[in-house]
Amino acid sequence: MSTAKATPPQLPKGTRDFYPEDMRIQTFIFDAWKRISLRFGYEEYEGPIFEHLELFTGKSGDEIVSQLYNFEDKGGRGLALRPEMTPTLARLVIQRGNAIRKPFKWFSIPRLFRYERAQKGRLREFFQLNLDVLGTESIYAEADLITATATMLLEFGLKPTDFMIGISSRKLLAAYLQEIGTPTPDLVYPILDRRLKIGPDAFAQALLDAGLSTEQGQKLNLLMSSKSLEEVKKIVSGSDSIEAIQEMEDLFEILTAAGLSECIGLDLNIVRGLAYYTGIVFEVFNKGASMRAIAGGGRYDSLCEKLGGARVPGVGFGMGDVVLADLLRDHNLLPAQSQTLDVFVATFTGDIKKTFVIANAFRKLGFNVVHPLSAIKFGKQMELANAQGAACVVYVDGEKAAEGEFEFKDLAKGTMAVGSLQKIAEYLKK
RNA sequence: GUGAGUGUAGCUCAGUUGGUUAGAGUCCCAGAUUGUGAUUCUGGAUGUCGUCGGUUCGAGCCCGAUCACUCACCCCA
């Protein structure tokens, strides 16, 4: 036997362990996500956790490789752990093609991987709720997604004043870029996205570098600073721009009808980095000191087409578990959840075998039950019953045990009673 | 990839100008008492002081390197 001590195993960078107490929080969040998704009529789907590398590079370019976990399998195939769900969704949709009745609403809670430096709210492995409405260009698709998002945040206990859903339109930006004669629109989006971050001077310079004139830059700056659609209307004039504005007006009207006027607003600074967005884009921020984006999404009418399928318009959004959990923790909205059981089967005499048998009898009736695994003192059994959140303790060897009746105690009320297995079951079901 | 900060028990942290065998609370375990729970009392276990090297008679403390974590930048699907 070697005397050298093995190096203790270490958690990989950017990953998390989920001990039972962490898992309860995770489950609490996932349950709410699922509950609201189902309430809005979304159906759950899943895909493989790794895909062909090309599925991701095809959409975002080769530079994305440095930001994801890719590897070659034993057959020499280039694969990657999925960094996002949308390409997988597009693949699923393309494969079924016309066989899917449209429009349709799907959701998923994928585990995603990104090879990047971990920091607050960003890890290398995380989960993200994805909601997508596909097969329709109706603005009610956007409205549906945004309403579902808001409903979830409210369901978690956040107030309408705790967050802000900023709404913008890639269609409007694209139309205006064309209207003022921008030579290289694709180079301009990332600059627009960073406008507030880099400041007016750097913004102007970046636009010049992208081939725009000073006048074009000033026009763009004016548009981006607009605080209302009324202001925007005074700036734009093209028919495509007018159409984009009309679309946003409709959306605001619908969301106001949904009672969300408090937490929605125009924010043209939201551009989002992805090249595939074609219409409305939106982001949800928490209104605190940090102003972190907790969710974001937009319309991508040509994604499936670009990936080699038929044209299937769609709009989707994602909400990560890390930022959300941070946010809920800050607002003290993560309930302290402990283990819960229906029954703890105890023994006065150390008859573990009998507790085992009775525990299984209760389990057959559908209850969550444990019993001591070895002969431990009675006081310790009660302690365990409490620690494990048992609603009720059933004593297998009380005075009437010979007649098939057991004493049982309601731990919440502190009351005692005697009854048959069936009678106790009825009591528990109340 | 760049910069800053922090590393002492499972967790939260003390640890004096460098000085004997590194502490507390919590948690965990055991014992006592309880034929009917959360209490109380007693006891116990756990540390390469992140790691390696240097200075020193002597380093948890000073210096260097390294690793990890955290935060920010870059990026953000």
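In what follows, chains are A, B, ... by sequence order, proteins preceding strands, each numbered from 1. Quick caveat, the model's predicted, so the values are computed rather than measured.
Side-chain atoms of A/K377 lie closest to B/rA32 of the nucleotides B/rA32, B/rU36, B/rC76.
Look at the P atom in both B/rU12 and B/rC69: the space between them is 16 Å, to the nearest Å. As rounded to the nearest Å, B/rC62 and B/rG3 have C1' atoms that lie 25 Å from one another. The same atom, P, is picked in B/rU40 and in B/rC49; the two are 34 Å apart, to the nearest Å. To the nearest whole angstrom, the two C1' atoms, one in B/rU34 and one in B/rU16, are 46 Å apart. Across B/rC57 and B/rC67, the matching P atoms stand 32 Å from one another, rounded to whole Å.
Contacts between residues 380-395 of chain A and RNA chain B, counted as heavy-atom distances below 4.0 Å, involve A/K380, A/M382, A/N386, A/Y395.
Rounded to a whole Å, the CE atom of A/M319 is 17 Å from the C1' atom of B/rC76. In this structure, OH of A/Y189 is placed 16 Å from P of B/rC76, rounded to the nearest angstrom.
At the heavy-atom level, A/M416 lies under 4.0 Å from base atoms of the strands shown. Within 4.0 Å (heavy atoms only), A/G318 reaches no atom of the nucleic acid at all.
For A/K13, a side-chain nitrogen or oxygen approaches OP1 or OP2 of B/rC69 to under 4.0 Å.
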Under 3.5 Å donor-acceptor pairs involving side-chain atoms of residues 167-174 of chain A, not counting sequence neighbours:
| from | atom 1 | to | atom 2 | distance (Å) |
| --- | --- | --- | --- | --- |
| A/S168 | OG | A/I270 | O | 3.0 |
| A/S169 | OG | A/K171 | N | 3.2 |
| A/S169 | OG | A/L172 | N | 3.0 |
| A/R170 | NH1 | A/V271 | O | 2.8 |
| A/R170 | NH1 | A/R272 | O | 2.9 |
| A/R170 | NH1 | A/L274 | O | 3.2 |
| A/R170 | NH2 | A/L274 | O | 3.1 |
| A/K171 | NZ | A/E247 | OE2 | 2.9 |

Going through the checks in order, is the side-chain contact (heavy atoms from CB on, under 4.5 Å) test met by A/F408 and A/M416?
CA-CA 6 Å; A/F408 63 99; A/M416 294 283 308; over 6 Å; no
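Residues forming a salt bridge (Lys or Arg N to Asp or Glu O under 4.0 Å) with A/E43 (at least two apart in sequence, or on another chain): none. Not counting sequence neighbours, A/D162 has no partner by the salt bridge (Lys or Arg N to Asp or Glu O under 4.0 Å) test.
Mapping A/I376 and A/K409 onto RNA chain B by nearest heavy atom places A/I376 closer to the 5' end of the strand.
In this pair, A/F282 and A/F317 present their aromatic rings tilted. The plane angle is within the 30 to 60° band.
Distance check, rounded to the nearest 0.5 Å: OG1 of A/T355 to CG of A/N360 gives 9.5 Å.
Looking only at atom types and distance, the side chain of A/S108 has no donor-acceptor partner in the side chain of A/N130 under 3.5 Å away.
Cation-pi contact between A/R124 and A/Y115: present, with separation from the ring centre below 6.0 Å and deviation from the ring axis of at most 45°. Under the 6.0 Å distance and 45° angle rule, A/K287 does not count as a cation-pi partner of A/F163.
Remark: RNA chain B takes part in the stems B:1-7 with B:67-73, B:10-13 with B:23-26, B:28-32 with B:40-44, B:50-54 with B:62-66, each of 3 or more antiparallel Watson-Crick or G-U pairs, criterion distances under 3.5 Å.
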Review item, nucleotides 70-74 of chain B N/O atoms under 3.5 Å of protein N/O:
| from | atom 1 | to | atom 2 | distance (Å) |
| --- | --- | --- | --- | --- |
| B/rC71 | OP2 | A/K120 | N | 3.0 |
| B/rC74 | N4 | A/Q119 | NE2 | 2.8 |

